[in-house]
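What follows is a single structure, written as structure tokens, with notes after it.
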Amino acid sequence: QLVVVQFSKESTPDGAFESPDKLVGRVAVTNIAVREPITETRLAPEGTAAGLSAIIPEGYRAMTVAVNDVVGISGFIMPGTLVDVVVVIDPQQSNGTQQGPISKIVLQNIKVLANGQNIDKPKDEREANSVKAVTLQVTPEQAEKLALAASEGRLQLVMRNQIDQGDEQTPDAERLHTSPR
């Protein structure tokens, strides 16, 4: 699967390997296209096992959340997709009565590492893939927030545009109340 080519000293990509022998046992952390140079930044650190752990950056964790066709946006959430996580909860007031459900954005701009057991994007990204779980890349602090949100309410994933990296500040959305006429 490898082809050795010679580069002039000036055009050799940074992090390129001098010999294919140095690639033995290394794991790619991103897709590498045909005829694309393999560089150190495209590979997991030496000694990393293949699979999901190879694509988790240092300082991050992989956390899986249960989804259905609605939460998982009809199966269109693919590895590499960016999502926001919204929780819908039914808080109890101090007197024990229910005030009605509220929703709140818990995490924003979170990378999807896997959908189901798939860590690679399908060849045709226009095809939905029905899955029961989505694995997200989170910091330890985000993992705590996500675990609490999942235990307190229902999670909803909201797909983001890859270019839209900004965080939004929103008020909690409360159940719509209609007054009797």
Side-chain angles (χ1 to χ4, degrees), residues 1-5 7 11-67 71-73 75-87 104-123 125 129 131-153 155-170:
Q1 295 183 349
L2 297 177
V3 175
V4 177
V5 295
F7 286 97
S11 63
T12 300
D14 290 341
F17 292 86
E18 297 173 10
S19 163
D21 296 338
K22 299 194 182 224
L23 298 172
V24 174
R26 297 294 299 271
V27 178
V29 294
T30 63
N31 289 332
I32 300 172
V34 176
R35 291 184 290 283
E36 181 179 359
I38 299 173
T39 60
E40 188 68 42
T41 58
R42 299 282 203 188
L43 304 176
E46 280 190 69
T48 302
L52 185 60
S53 65
I55 62 173
I56 303 170
E58 188 174 337
Y60 287 85
R61 308 294 185 264
M63 186 167 181
T64 302
V65 295
V67 297
V71 175
I73 308 177
F76 283 102
I77 292 186
M78 305 291 174
T81 303
L82 297 175
V83 297
D84 293 344
V85 179
V86 175
V87 65
K104 183 67 182 163
I105 296 174
V106 179
L107 300 173
Q108 296 188 54
N109 207 22
I110 302 298
K111 183 179 181 181
V112 174
L113 294 175
N115 63 349
Q117 296 180 345
N118 306 312
I119 59 174
D120 292 320
K121 290 182 184 176
K123 293 193 186 324
E125 293 182 33
N129 183 14
V131 296
K132 296 188 184 323
V134 173
T135 303
L136 305 174
Q137 175 180 294
V138 293
T139 64
E141 181 184 345
Q142 290 170 328
E144 289 177 343
K145 288 179 181 179
L146 185 55
L148 181 60
S151 70
E152 294 289 320
L155 296 181
Q156 179 75 43
L157 299 180
V158 182
M159 189 181 298
R160 296 180 71 112
N161 179 304
Q162 293 284 2
I163 298 169
D164 180 8
Q165 301 278 317
D167 286 349
E168 298 292 328
Q169 299 299 321
T170 62

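Basis for what follows: all heavy atoms, side chains included, without hydrogens, waters or symmetry-related copies.
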Specify the closest pair of heavy atoms between M78 and N115, including all atoms of both residues, with the distance to one decimal. SD-ND2, 3.7 Å
Ignoring hydrogens and angles, write down the donor-acceptor pairs under 3.5 Å from the side chains of residues 138-145, residues two or more places apart or on other chains.
residue: T139; atom: OG1; partner: Q142; partner atom: N; Å: 3.1
residue: T139; atom: OG1; partner: Q142; partner atom: OE1; Å: 3.4
residue: Q142; atom: OE1; partner: T139; partner atom: N; Å: 2.8

Can you tell me how far the CG atom of L157 sits from the CG atom of D84, to the nearest 0.5 Å? 9.5 Å
Any idea which heavy atoms bring L155 and A149 closest together, and the distance? CD2-CB, 3.9 Å
Taking the side chain as C-beta and beyond, is there a heavy-atom pair between L43 and L23 under 4.5 Å? yes
How far does CD of Q156 sit from CD1 of I105, to the nearest 0.5 angstrom? 12.0 Å
Would you give the length of the straight line joining atom CD1 of I56 to atom CZ of R61, rounded to the nearest 0.5 angstrom? 8.5 Å
Decide yes or no on side chain to side chain contact (heavy atoms under 4.5 Å, CB included) for L136 and V85, but give the supporting numbers first. CA-CA 10 Å; L136 305 174; V85 179; 4.0 Å; yes
Distance check, rounded to the nearest 0.5 Å: R42 atom CZ versus I38 atom CD1? 10.0 Å
Taking all atoms of both residues into account, what is the closest heavy-atom pair of L146 and M63, and its distance? CD2-SD, 3.8 Å
Of all heavy-atom pairs linking T135 and A62, the shortest is CG2-CB, 3.7 Å
Give me the atom names and distance for the closest heavy-atom approach of A114 to P79. CA-CG, 4.1 Å
Count the heavy atoms belonging to other residues, nucleotides or ligands that lie under 6.0 Å from CZ of F17, then report whether that count exceeds 12. yes
Inter- and intrachain pairs under salt bridge (charged side-chain N to carboxylate O under 4.0 Å, His left out), touching residues 15-24, at least two apart: none
In Å and rounded to the nearest 0.5 Å, what is the CD1 to CG distance from I110 to L82? 9.0 Å
Would M159 and I77 count as a side chain to side chain contact (heavy atoms under 4.5 Å, CB included) here? Give the steps. CA-CA 7 Å; M159 189 181 298; I77 292 186; 4.0 Å; yes
Measure the NZ-OG1 distance between K111 and T81 for me, rounded to the nearest 0.5 Å. 10.0 Å
